[in-house]
2 protein chains.
Amino acid sequence: MDETLLDIGEVAERTGLAPSALRFYERQGLISSAARNGLRRAYLPEVLERLGLIMCARSAGFGIAEIGSFLGAGPGDQEIREKMAVKAGELNQRIAQLIRLRDALDHAATCDHEPLTDCPDFKRAVWNARTESTASSH
Amino acid sequence: MDETLLDIGEVAERTGLAPSALRFYERQGLISSAARNGLRRAYLPEVLERLGLIMCARSAGFGIAEIGSFLGAGPGDQEIREKMAVKAGELNQRIAQLIRLRDALDHAATCDHEPLTDCPDFKRAVWNARTESTASSH
DNA sequence: CTGCGACTTGAACCGCGGTTCAAGTCAAGG
DNA sequence: CCTTGACTTGAACCGCGGTTCAAGTCGCAG
């Protein structure tokens, strides 16, 4: 048997993903097994890298379908690169929002206001954290 | 009738939330209606502010239960402030990760590598974006 | 040949965050 | 009075991202 091929258990262990998740991703078309050893899936080592990419994207809030479309990038993938640029912009928005919220939480942790949710600084900070910082101040 | 009290439809319209969401939040204990006008909920205007806070927290990835516990902040809320500090730290991690991923996407959008997912710079960038940047660089 | 244990399958189930639906209640207006 | 229309309820349902389960199938060791 080709020593370089990986059993699903191997892949699961190395990626930290559950075998059920790997099969799920396969059904969703995110990964594929190179061959079967009897019934058993045999994965190319490259799949580890691909799974790294997937896990990363997942943890960044991308959906399965979305990731699938990005992974489909092939020749003539200009379209996909554009999508990625759009996504990068969205991420920027999200990052800015999270920063504002973090600042609000930071303040909350250090201020003494009693019902807290009434602390005017906290409220201001939260207000600033509103999605789509529609420049209209209050 | 007290003109200052808001009907659920009013609140829905002003917050952009669906009435069903408002009822849902009420069941979950995140908000409460001040009174009933017949069967109809009548909300204090303050609820708008609270909902702003809730929407903000939701969009930052906080769960309903989690938000509930934060909103419960009352006197002796030191415990909750500590939780908030912890959350702020988590947000920082998340922000850093999103920044790395955004950088990877930025690169992807501008580089010419053909199967893209094989672009070494892209792969490096994605690798850097791994959650829990366990400093061990491959 | 006979286990054993790691895999296979499809189908059912889970928690989350709501939405949708049917059936009912109410206040106001004509 | 009767209609209209926005609300009320509980229960069922949804999409997402998987997990769990029962039943079956392998390869390999003894």
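Please read all numbers here as calculations on a predicted model, not as lab measurements. No hydrogens, no waters, no symmetry mates; every other heavy atom, side chains included, goes into these values. Lettering of chains follows the sequences in order, A, B, ..., and the numbering in each one begins at 1.
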Distance in angstrom units between A:Leu39 CG and C:dG10 C1', rounded: 14 Å
The side-chain hydrogen bond (donor to acceptor under 3.5 Å, both in side chains) partners of B:Glu66 (sequence neighbours excluded) come to B:Lys87
Degree of bending in the helix from C:dC1-D:dG30 to C:dG30-D:dC1 once both end axes are built from five pairs, to 10°: 30°
Interatomic spacing from CG in B:Leu105 to OG1 in B:Thr110 - rounded to 0.5 Å: 10.5 Å
What residues form a side-chain contact (heavy atoms from CB on, under 4.5 Å) with A:Ala85, not counting sequence neighbours? B:Ala109
CD (B:Glu90) with more than 12 external heavy atoms under 6.0 Å: yes
d(CD1, B:Ile8; P, D:dT9) in whole Å: 8 Å
Does OP1 or OP2 of C:dG18 have a side-chain N or O of B:Arg58 closer than 4.0 Å? yes
Write down the distance between CZ (B:Arg40) and C1' (C:dT25), rounded to a whole number of angstrom. 9 Å
Can you run down the salt bridge (Lys or Arg N to Asp or Glu O under 4.0 Å) pairs that involve residues 14-38 of chain A, sequence neighbours left out, and say none if there aren't any? A:Glu10-A:Arg14, A:Glu26-A:Arg41
At less than 4.0 Å, is any side-chain N or O atom of B:Arg41 found next to OP1 or OP2 of C:dC26? Yes or no. no
Show every salt bridge (Lys or Arg N to Asp or Glu O under 4.0 Å) that has at least one partner inside residues 47-64 of chain A, sequence neighbours left out. A:Glu49-B:Lys123
Calculate the interatomic distance between B:Phe62 atom CZ and C:dG17 atom P; express it in whole Å. 13 Å
Which heavy atom of B:Leu22 sits nearest a heavy atom of B:Ile31, and at what distance? O-CD1, 3.6 Å
Polar pairs (N or O, both sides) under 3.5 Å between protein and nucleotides 19-21 of chain C?
from, atom 1, to, atom 2, distance (Å)
C:dT19, OP2, B:Ser20, OG, 2.5
C:dT19, OP2, B:Ala21, N, 3.3

How close or far is atom P of C:dG17 from atom OH of B:Tyr25, stated in whole angstroms? 9 Å
Would you say A:Arg36 reaches D:dG27's phosphate, i.e. side-chain N/O to OP1/OP2 under 4.0 Å? no
Please state how far atom OH in A:Tyr43 lies from atom C1' in C:dA6, giving the value in whole angstrom units. 14 Å
In Å, rounded to the nearest 0.5 Å, how long is the span from CG of B:Leu71 to CD1 of B:Ile64? 10.0 Å
Measure CG/B:Leu17 against C1'/C:dG18 and give the value in whole Å, please. 11 Å
Between C:dG18, D:dC7, D:dG27, which one does the side chain of B:Asp7 approach most closely? D:dC7
Between CD of B:Gln28 and C1' of C:dG15 the distance, given in whole Å, is 12 Å
For a quick test of reading the model, state the closest non-hydrogen atom pair linking A:Met84 to B:Ala108 and the distance between them. SD-CB, 3.4 Å
